[in-house]
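Letters go in sequence order (proteins before strands), and every chain restarts at 1.
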There are 2 protein chains.
Amino acid sequence: MNRGPEGRRRPVTIHDVAREAGVSRGTVSRVLNGGHYVSPAAQTAVNNAIRRTGYVVNRHARSLITGRSDSVAFLLTEPQERFFEDPNFNVLLRSCTQELASQDIPLLLMIAGNEDERRRNLRYIQAGHVDGVLLVSSHSGDPVAGELDAAGIPVVACGKPIGQQARISYVAADDRDGARQMVRFLYESGRRRIATVSGPPDTPGGVERLAGYRETLAECGLPVDEALIAAGDYSRASGGRAAEQLLERAPDIDAVFVASDLMADGVLDALARAGRSVPGDVAVGGFDDSPAALAAAPRLTTIRQPFDRISKEMVRMLMARIGGEDPAAVILPTELVRRESA
Amino acid sequence: MNRGPEGRRRPVTIHDVAREAGVSRGTVSRVLNGGHYVSPAAQTAVNNAIRRTGYVVNRHARSLITGRSDSVAFLLTEPQERFFEDPNFNVLLRSCTQELASQDIPLLLMIAGNEDERRRNLRYIQAGHVDGVLLVSSHSGDPVAGELDAAGIPVVACGKPIGQQARISYVAADDRDGARQMVRFLYESGRRRIATVSGPPDTPGGVERLAGYRETLAECGLPVDEALIAAGDYSRASGGRAAEQLLERAPDIDAVFVASDLMADGVLDALARAGRSVPGDVAVGGFDDSPAALAAAPRLTTIRQPFDRISKEMVRMLMARIGGEDPAAVILPTELVRRESA
DNA sequence: CTGAAAGCGCTTACAG
DNA sequence: CTGAAAGCGCTTACAG
């Protein structure tokens, strides 16, 4: 960082680099942007000059001319309780930040907990302040995906946006197969009264994991008993309430497949209060392999969602969309992680 | 949003507004920047033109000339386990985002979980891509605050940065007084063998809350028994381990003041495993009033940190710093929240 | 392969 | 109070 006479920082510009390297500004810019049409000699001279001067590109000047901001929004549309409670969001946020950082792209965090915030964030995005958005929201009835798409903003959603006319790219874990793996595992462990706590019916995880549960029961030759199905809203407390219902309607259950680790933790609490041992009396299987699975006691046997890969794919797809590629969907496989609860 | 002949978006510029309003670009700009030296008539004409055209300022062009980016970084330097586990971060992140959004300032999220990431983020920040940084890190030995300050970047830390030569602005809750309130409350409830689980000794909360514990015991005429003091690292698991130590060293404890809600939740688990009832046998007091306090069973009696005000103050102070004001510290009062655990 | 030049959209002295 | 003009730091056709 150069300093002028009075110690004030005078940022070094492309002009300084050009002078230092003995070339024109245009050549410096070409080196900066991939080095096409630049002789090796000039290339070297410029790179050395950049090193010596400590030059860093002024992104505003660049953006002004390219029309891109080289930044991306992470838009979370979720009631704040869930953001506070569910570690999945942190995992996703963390790995997206990391993945973007490795490409030197800053992530603008936007949280829309209510209609007002949704509107404000939408306006900001539509003003072109970001090149695209990573959309995270469990409730896929959310119209925001469609609105962004309609405005021509590249979007990649985490989880399939239900009800959007398939114009939106998304990345999701294979929910149905994950459910299948867990239910089959429970069955093969000898459980025969397998209940489930599903997620909200307006979320892909709520729908698909329940479907996987039903299918697998049928495959195993077990009847599907509606008394064994209770719905939660992905919160820990809702898991506890669902377990209580289940216990009341079917005291003989010997296993529960829960559609999220956080809810499974609530189920564990309810089971303990009811005096049932886990996994002795009742086996409990979760979903996510989130940090909550390890914090639970006993630690949860669960289905791992490959959040790292999910984030990587989301970022990759968003970049592709920004680059003009058509939308696409990526489904990633899940994996059973065996611990103590089942 | 105007569209050109082929439906491509052609962003409306200050030029379009000027033409529409029948004034010069300079006048439009003046209206945009506070309306000084502008006649009411021109003011009105410009505002109408802005409305009609749907004009939104191009921040890059503005930044290029003002030299400010009108954005702020939220830098979290924390091992990722803690970010995943501790809801305090989410609360802070959420309310800072919100506070900044209300001023139309985007928040760039940066997470530094290791040395590499620290370095990269530092470089990014020093390149002037943000106007200032909100620094959140429980471990205040962290040199990043000093490095940023040395580079002339305005910084406001959450919690007192220990070991920094007081040049850094910070906002903190009154940790010592919070501890005092809790210990006194425990004493006045009739408890006499009051233990504590403290935070890490290299964090302000670790130091101050422990100090408050000691002082208050002394004020109450109770001896300070070192066997009643165990340290955690703010994780839930460490709370459990500390409680086990405490129980072993001093089976007769009848209360524990825990320096964070998350650790208190771990203490609750350990107590349950040891067959102690809460608050019957042992009263448990937490600290933070984080979402973890409500998720715990029984729900935690705790000390509320005013996170909303903390965030507001952090943002306000950062803006002041950016505007050239000298550093300052703000200490906010805490409050006892009585629930079931004590 | 390279330089000179235009121009991205804005702000801000500078004259009036 | 207002307009004309310079200039922020960069990229990108355009000639050569």
**Item:** Whichever of Pro40(A) and Thr27(B) has its nearest DNA chain C nucleotide further upstream toward 5'
**Value:**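 On the 5' side of the pair lies Pro40(A).
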Rounded to whole Å, please give me the gap between [atom1] in [X] and [atom2] in [N].
X	N	atom1	atom2	answer
Arg68(B)	dG9(C)	CZ	P	21 Å
Asn58(B)	dC10(D)	CG	C1'	13 Å
Tyr37(B)	dT2(D)	OH	P	13 Å
His60(B)	dG7(D)	NE2	P	24 Å
Arg62(B)	dG7(D)	CZ	C1'	17 Å
Ile14(B)	dT11(C)	CD1	C1'	8 Å
Leu64(B)	dC10(C)	CG	P	12 Å
His129(A)	dG9(C)	NE2	P	14 Å

Where the side chain of [X] is defined as all heavy atoms beyond and including C-beta, which of [options] is the nearest nucleotide?
X	options	value
Ile65(A)	dG3(D), dC8(C), dC10(C)	dC8(C)
Arg30(B)	dC1(C), dT11(D), dA4(D)	dA4(D)
Ala42(A)	dT11(D), dC10(D), dT2(C)	dT2(C)

**Prompt:** Under 4.0 angstrom, heavy atoms only, what part of the nucleic acid is Val57(B) near: base, sugar-phosphate, or nothing?
**Reply:**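 Here Val57(B) touches the backbone only, sparing every base.
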**Message:** Heavy atoms only, 4.0 Å cut-off, all strands: where does Ser29(A) land among base, sugar-phosphate and nothing?
**Reply:**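 Base contact.
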**Prompt:** Taking the side chain from Thr44(B) and the backbone from Pro40(B), do they hold a donor-acceptor pair closer than 3.5 Å?
**Reply:**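 Yes, Thr44(B) side chain to Pro40(B) backbone: donor-acceptor pair under 3.5 Å.
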**Message:** Please report the interatomic distance CG(Leu107(A)) to OG(Ser71(A)), rounded to the nearest 0.5 Å.
**Reply:**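 Rounded to the nearest 0.5 Å, the CG-OG separation comes out at 9.0 Å.
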**Request:** Starting at OG of Ser169(A), measure out to CZ of Arg321(A) and round the result to the nearest 0.5 Å.
**Result:**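 Interatomic distance, Ser169(A) OG to Arg321(A) CZ, rounded to 0.5 Å: 5.0 Å.
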**Item:** Closest-nucleotide ordering on DNA chain D, the 5'-leading residue of Ala61(A) and Val23(B)
**Value:**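 Nearest-nucleotide comparison on DNA chain D picks Val23(B).
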**Asked** Regarding Gln98(A) and Glu117(B), is there a side-chain donor-to-acceptor distance under 3.5 Å anywhere?
**Response**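 There is such a pair (donor and acceptor under 3.5 Å, judged by atom type) between the side chains of Gln98(A) and Glu117(B).
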**Message:** When you measure only distances, ignoring hydrogens and angles, does the side chain of Arg59(A) come within 3.5 Å of the base of dG9(D) through a donor and an acceptor?
**Reply:**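 No, the side chain and the base share no sub-3.5 Å donor-acceptor pair.
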**Message:** Can you see if the side chain of Thr66(B) gets near the phosphate of dC10(C) - specifically, an N or O under 4.0 Å from OP1 or OP2?
**Reply:**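 No, outside the criterion.
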**Message:** On a heavy-atom basis, which atom in Leu64(B) and which in Ala61(A) lie closest, and how many Å separate them?
**Reply:**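 Taking Leu64(B) first and Ala61(A) second, the nearest heavy atoms are CD1-CB, 3.6 Å.
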